[in-house]
Number of protein chains: 2
Amino acid sequence: MWLRPERPPRDRRLEREQIVGVAVAILDAEGHQGLSMRRVAAELGVTAGALYWYVANKNEMLELALDAVLGEVQVPDPGMDWRAALAALAHSHRRMLLRHPWVLTDLSTQPNLGPNALALTEAGLAILAGAGFADADLDAALAAVNDHVIGAVAAELAWRATMRTAETGPGEWLEQAEGYLRRIRENHPMLARRMAATSDVDVHTESERRFAFALDCLLDGLAARLRRR
Amino acid sequence: MWLRPERPPRDRRLEREQIVGVAVAILDAEGHQGLSMRRVAAELGVTAGALYWYVANKNEMLELALDAVLGEVQVPDPGMDWRAALAALAHSHRRMLLRHPWVLTDLSTQPNLGPNALALTEAGLAILAGAGFADADLDAALAAVNDHVIGAVAAELAWRATMRTAETGPGEWLEQAEGYLRRIRENHPMLARRMAATSDVDVHTESERRFAFALDCLLDGLAARLRRR
DNA sequence: ACCTGAACACCGTTCAAGT
DNA sequence: ACCTGAACACCGTTCAAGT
């Protein structure tokens with residue numbers, strides 16, 4: 001009887017927080033591919049079925065994970081200039097997405113009504129309303145900035161994915177790519193020039209530059225609409 | 001011996017085109033969830049293993065599907081004004097993404113160097129180069145427009161996903177949502193106002209309006225940069 | 001109330017073996 | 001050259017049964 005292990009006490013109970021914490025950690029490390037209910041359960045020292053006591057299904061777990069990381073976005077001080085505030089919000093949003101690249105997939109797939117998501121749009125609306133936007137223009141202005149953030153991050157991730165396939169298997173890949181690239185150069189003169197000029201830039205800093213460029217264009221356009229009223 | 005079926009002739013052979021065609025059809029109808037190698041194979045009257053003769057793995061099949069639908073985007077006439085041409089390209093791009101919502105997931109995940117993807121960026125570069133953009137600004141300007149397209153579609157799809165969960169299970173969902181929505185109204189005044197004003201708009205037309213709004217802001221910003229040189 | 005263990009109906013991928 | 005059939009190592013989800 002001394003051999004029989006103690007009955008697991010009450011504090012061994014899971015919490016939703018622990019589950020989403022483990023899920024986010026796995027997603028960060030290995031992406032959606034690495035995430036399985038069985039894996040999360042194992043990491044918590046529990047059977048897969050146990051998770052279904054706390055969560056209806058995998059999709060719901062993803063919704064929770066999504067809102068959890070949305071909480072990492074920093075809302076700027078209310079006293080700031082609207083352009084600076086909006087830019088700060090966009091940059092913080094972008095940095096969060098780059099820390100958790102798996103989120104991008106969920107952002108177009110999952111309904112997104114968690115508390116952190118709502119707080120974030122409230123913050124954005126407040127900034128733009130303070131600047132003078134109202135009604136339908138207010139919605140459109142906020143959407144414009146948000147859309148740019150997630151579009152830009154999607155492009156950066158795709159770029160990185162491309163670089164990754166080019167780096168793994170450098171021997172054979174480069175040989176096969178050789179002929180393909182020559183045809184590109186012949187049929188796509190503009191692209192060829194830009195590829196040559198961009199071949200050895202740092203993906204991260206160049207992505208950041210493009211992000212800031214487009215954001216500035218957008219804010220200029222918004223400011224112009226504001227003056228027109 | 002008369003009962004023995006005829007040996008399948010040569011034309012029974014698969015082609016990559018058929019495979020991606022079936023894959024795209026399944027993805028359009030049921031999304032990534034419905035796509036499996038076994039399902040594609042079955043639809044072609046063949047075993048799952050047979051696909052691996054034409055395609056290295058599921059991921060490669062997705063790359064092919066991605067480039068296939070990118071071919072649907074219409075490149076505008078070269079004679080057009082650059083703003084009109086760019087807007088036409090963006091709108092056609094957007095419409096394609098809405099026809100094939102599953103593409104959005106791949107756009108941030110898959111390397112994207114297929115022939116149609118390249119032709120599309122070549123077209124975009126040509127338009128912007130014709131307008132007067134060059135060097136790093138050229139890259140950034142095209143990225144700005146592309147990012148807006150995919151960001152806007154991502155937002156529209158997320159909106160639709162949210163509406164879908166609100167519609168299915170109307171009884172219980174609305175009851176539970178009642179308390180949640182009241183807290184939203186209390187803690188998020190701006191959001192509450194916008195939700196009330198937007199509650200009965202058509203998602204599609206409103207998304208289109210926001211898309212055009214942001215695109216116009218962006219093009220204004222780009223035009224301003226052009227005048228400054 | 002909370003978890004296990006086993007089961008069900010699936011997956012992607014590999015590979016000998018056939019034709 | 002092209003495909004089958006079977007196998008391997010996985011999945012998400014359910015649910016009686018335990019404690």
Side-chain angles (χ1 to χ4, degrees), chain A residues 1 3-20 22-24 26-27 29-66 102 105-106 109-110 165 168-169, chain B residues 1 3-20 22-24 26-27 29-66 102 105-106 109-110 165 168-169:
Chain A
M1 87 94 98
L3 292 179
R4 190 176 37 136
E6 241 186 326
R7 171 97 75 81
R10 287 277 183 180
D11 62 35
R12 199 177 162 285
R13 243 181 240 158
L14 297 177
E15 307 259 350
R16 271 197 169 178
E17 265 191 42
Q18 304 178 41
I19 294 177
V20 297
V22 169
V24 167
I26 294 174
L27 287 164
E30 309 177 33
H32 274 100
Q33 224 191 57
L35 185 74
S36 72
M37 299 303 271
R38 289 170 145 97
R39 173 84 186 278
V40 172
E43 218 117 324
L44 289 165
V46 113
T47 308
L51 299 179
Y52 289 86
W53 183 262
Y54 300 92
V55 137
N57 47 42
K58 191 183 183 182
N59 229 354
E60 192 171 280
M61 193 174 76
L62 282 175
E63 281 186 64
L64 293 172
L66 169 55
W102 50 273
T105 306
D106 301 86
T109 289
Q110 300 286 348
T165 67
T168 58
Chain B
M1 87 95 95
L3 292 180
R4 190 175 37 136
E6 241 187 325
R7 171 95 76 80
R10 285 280 184 180
D11 63 34
R12 198 176 162 284
R13 241 182 241 160
L14 297 178
E15 309 259 350
R16 272 198 169 178
E17 263 190 43
Q18 304 177 41
I19 294 176
V20 297
V22 169
V24 167
I26 294 174
L27 286 165
E30 309 177 32
H32 274 101
Q33 223 191 60
L35 185 75
S36 72
M37 299 302 272
R38 289 172 146 97
R39 173 83 186 279
V40 172
E43 219 116 321
L44 290 165
V46 114
T47 309
L51 298 179
Y52 289 86
W53 183 262
Y54 300 91
V55 135
N57 47 41
K58 191 183 182 182
N59 229 354
E60 192 170 279
M61 193 173 77
L62 281 174
E63 282 186 63
L64 294 172
L66 169 55
W102 50 272
T105 306
D106 301 85
T109 289
Q110 300 284 349
T165 67
T168 57

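The chains referred to below are lettered A, B, ... by the order of the sequence lines, with proteins before strands, and numbering in each begins at 1.
In this structure D/dA1 sits in a base pair with C/dT19, meeting the Watson-Crick or G-U test at under 3.5 Å. With a cut-off of 3.5 Å on both Watson-Crick or G-U wobble distances, the partner of D/dG12 is given as C/dC8.
Side-chain N/O atoms of B/Trp53 include one lying less than 4.0 angstrom from OP1 or OP2 on D/dC2. Between B/Tyr54 and the phosphate of D/dC3, there is a side-chain N or O to OP1/OP2 separation shorter than 4.0 Å. The shortest distance between the side-chain N/O atoms of A/Thr47 and the OP1/OP2 oxygens of C/dC3 is not below 4.0 Å.
Between A/Ala56 and A/Gly34, the residue anchored closer to the 5' end of DNA chain D is A/Gly34, taking for each the nucleotide with the nearest heavy atom. Two residues, A/Arg39 and A/Gly49, neighbour DNA chain D, and the one matched to the more 5' nucleotide by heavy-atom proximity is A/Arg39.
Distances were taken from every side-chain heavy atom of B/Val46 (C-beta onward) to each of D/dT4, D/dA7, D/dT13; the shortest belongs to D/dT4. Closest approach to the A/Ser36 side chain among D/dT4, D/dC11, D/dA1 is made by D/dC11 (side chain taken as heavy atoms from C-beta onward). Here the side chain of A/Tyr52 is nearest to one of D/dT14, C/dT13, D/dC11, namely D/dT14.
Side chain of B/Asp106 to main chain of B/Thr109: no donor-acceptor pair is present (N/O by atom type, distance under 3.5 Å, no hydrogens or angles).
Taking the P atoms as reference points, D/dA9 lies 22 Å from C/dA9, given to the whole Å.
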